[in-house]
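Taking it in order: structure first as structure tokens, then the write-up.
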Amino acid sequence: MTTTTSVMRSEIAEQPAALRRTLDDLTPLTGALGDLGRATRQVLFIARGSSDNAAVYGSYLLQAHAGRLATLASPSIATTYGSKVDLDGVLAVAISQSGRTEEIVDTMAWAADCGARTVAVTNGQGSPLAEAADLALVTRAGDELAVPATKTYTTQLAALAVLALGLGADLDPGELNAVPDAIEELLAAPGDGADELAERLAPVQGAVISGRGMAFSTALEAALKLKEACYLHAMGLSYADLLHGPIAVVDRDTPAILVAADSGPTLPGTAALAERVSSAGAPVYGIGGGSTLASACDLALPGPDMPEWTAPIGLIVPAQLLTERLARRLGYNPDAPRGLGKVTQTS
């Protein structure tokens, strides 16, 4: 394993500054988001890849705290089937790190043609997506060189938190503004848990990563990171879905990694799942969840001290650190996974 610092690790460390810049720029737009949202009732998220995982967070956040029905789009309805759908009263939120993925740009244009109002969430200022939207939330992550998204992903989550505030979520903006400091504290003293967990995961071929509610997005994104950078057969699932059959794949050679905020209504169920996995003789590891989850796991990586609604912005950081460590432990370059590029075009 090389000891050279990867670009991915450097970009993980840049997240607190990227989040501060993003929140400074986007928080003043809550009024404009409110004006746009008044003409709509529902929210349709348009995204792929890591951006799709960010959309899962946005969907839970808006439904739990802003009283808005929210769902994820199927872009092929627009780009492959060319169907017309009545989107009057819909706010279409298109998420793309580059703002240049043609499928996302085209699907947002389709949504507008079907009657939706549009918001873009992108790190690409001046990109086709930003230029075409009624309102653009341009994140300030700066250039991201490593293929696995880190700071572009967390700044997307921050933008979606601002969106929720703009659409009337009864949440404390001060808790969102505290996120960069909490992540900075975590990165300043990450401990050796990620190293130890990387050693335990190095021999395995697959893992199940699970969370529920707000943390479900983190489980999906953590699984994606482990797949793309470590080539691990990682399955991201809601723990409710995991219990409906897929838990059968969890055994001594296929560990479970469970994700939760340190508080919130899904924490007890996550801890109970950890106990069930452990009683079946399978390894179980945690990310976040405080002492409640840690006490039920073989090993747990602490998450930042955040309320449940902002926790996913911080919970992904230990998973990013784990991915980078595991990739290097396995002899892979986390900055340039095989077969992947920074902008993926789909049709």
Side-chain angles (χ1 to χ4, degrees), residues 1 6-9 11-12 47-57 72 75 95-98 101 103 144-154 156-157 194-195 197-212 215-239 241-242 245-251 253-259 277 282-288 301 312 315-346:
M1 180 177 100
S6 67
V7 174
M8 181 181 178
R9 181 62 181 84
E11 291 176 344
I12 291 170
R48 290 289 193 195
S50 283
S51 298
D52 211 34
N53 299 333
V56 171
Y57 166 67
L72 275 61
I95 312 172
S96 168
Q97 287 150 13
S98 68
T101 300
E103 181 187 30
E144 187 173 68
L145 302 179
V147 170
T150 53
K151 58 181 181 173
T152 54
Y153 176 76
T154 51
Q156 283 179 341
L157 298 188
D195 284 325
L197 185 49
E199 287 298 320
R200 297 193 189 194
L201 293 178
V204 308
Q205 298 299 308
V208 172
I209 297 86
S210 186
R212 194 172 188 185
F216 179 36
S217 59
T218 305
L220 293 172
E221 177 64 7
L224 177 58
K225 288 288 163 285
L226 290 168
K227 280 185 278 197
E228 66 184 358
C230 304
Y231 315 136
L232 186 70
H233 295 287
M235 182 187 307
L237 288 168
S238 160
Y239 76 58
D241 288 327
L242 178 61
I247 196 169
V249 307
V250 178
D251 56 27
D253 299 317
T254 309
I257 302 174
L258 307 184
V259 185
V277 171
V284 57
Y285 308 117
I287 296 177
L301 306 182
L315 282 172
I316 192 58
V317 175
Q320 294 169 347
L321 293 169
L322 171 63
T323 298
E324 196 270 348
R325 305 277 180 89
L326 180 58
R328 293 168 66 200
R329 167 64 178 80
L330 296 172
Y332 303 136
N333 178 4
D335 300 333
R338 64 191 182 210
L340 296 177
K342 197 60 186 168
V343 179
T344 301
Q345 297 293 5
T346 50

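Hydrogens, waters and symmetry mates play no part in the numbers below; they use all other heavy atoms, side chains included. Note that the coordinates shown come from a computational prediction; the quantities given were computed from them, not determined experimentally.
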*From OH (Tyr332) to OG1 (Thr323), nearest 0.5 Å*: 13.5 Å
*Does the side chain of Glu324 reach to within under 4.5 Å of the side chain of Thr150, using non-hydrogen atoms?*
no
*asked:* Please report the interatomic distance CG(Leu301) to CG(Leu315), rounded to the nearest 0.5 Å.
replied: 10.5 Å
*What closest approach, in Å, do Pro148 and Ala229 show between heavy atoms, and which atom pair accounts for it?*
CG-CB, 4.3 Å
*Heavy-atom closest pair, residues Arg329 and Ala198*: CG-O, 4.5 Å
_Student check: side-chain heavy atoms of Tyr231 and Pro337 closer than 4.5 Å_ = yes
*Calculate, to the nearest 0.5 Å, the distance between atoms OG1 and OH belonging to Thr218 and Tyr153 respectively.*
5.5 Å
*Closest heavy-atom contact between Gly206 and Leu232?*
N-CD1, 3.7 Å
*Which heavy atom in Ala47 sits nearest to a heavy atom in Pro75, and how many Å separate them?*
O-CG, 4.4 Å
*With sequence neighbours left out, what residues match Asp253 under side chain to side chain contact (heavy atoms under 4.5 Å, CB included)?*
Asp251
_In the structure I gave you, are the side-chain heavy atoms of Leu145 and Asp335 within less than 4.5 Å of one another anywhere?_
no
_Close side-chain approach of Leu226 to Ile209, heavy-atom, < 4.5 Å_ = yes
_The criterion is side chain to side chain contact (heavy atoms under 4.5 Å, CB included); which residues satisfy it with Pro255, sequence neighbours excluded?_
Leu201, Val204, Ala207, Pro283, Tyr285
*Who passes side-chain hydrogen bond (donor to acceptor under 3.5 Å, both in side chains) against Glu221, sequence neighbours left out?*
Ser50, Asn53, Lys225
*Please examine the side chains of Glu144 and Val7, heavy atoms only from C-beta on, and report whether any two atoms are closer than 4.5 Å.*
no
*Give the minimum heavy-atom separation between Ala222 and Ala319, together with the two atoms involved.*
CB-CB, 3.7 Å
*Flag, side chain of Ser210 to backbone of Leu237, donor-acceptor distance under 3.5 Å*: yes
*Roughly how far apart are Ser6 OG and Arg325 CZ, rounded to 0.5 Å?*
10.0 Å
_Within-4.5 Å side-chain heavy-atom neighbours: Thr101 and Arg48_ = no
_N/O donor-acceptor pair under 3.5 Å between Glu11 side chain and Ala146 backbone_ = yes
*CD1 of Ile316 to OG of Ser217: how many Å apart, nearest 0.5 Å?*
8.0 Å
*With side chains defined as the heavy atoms from C-beta onward, is the minimum distance between Thr254 and Met235 less than 4.5 Å?*
no
*Please round to the nearest 0.5 Å and tell me the distance separating atom CG of Asp52 and atom CG of Leu72.*
5.0 Å
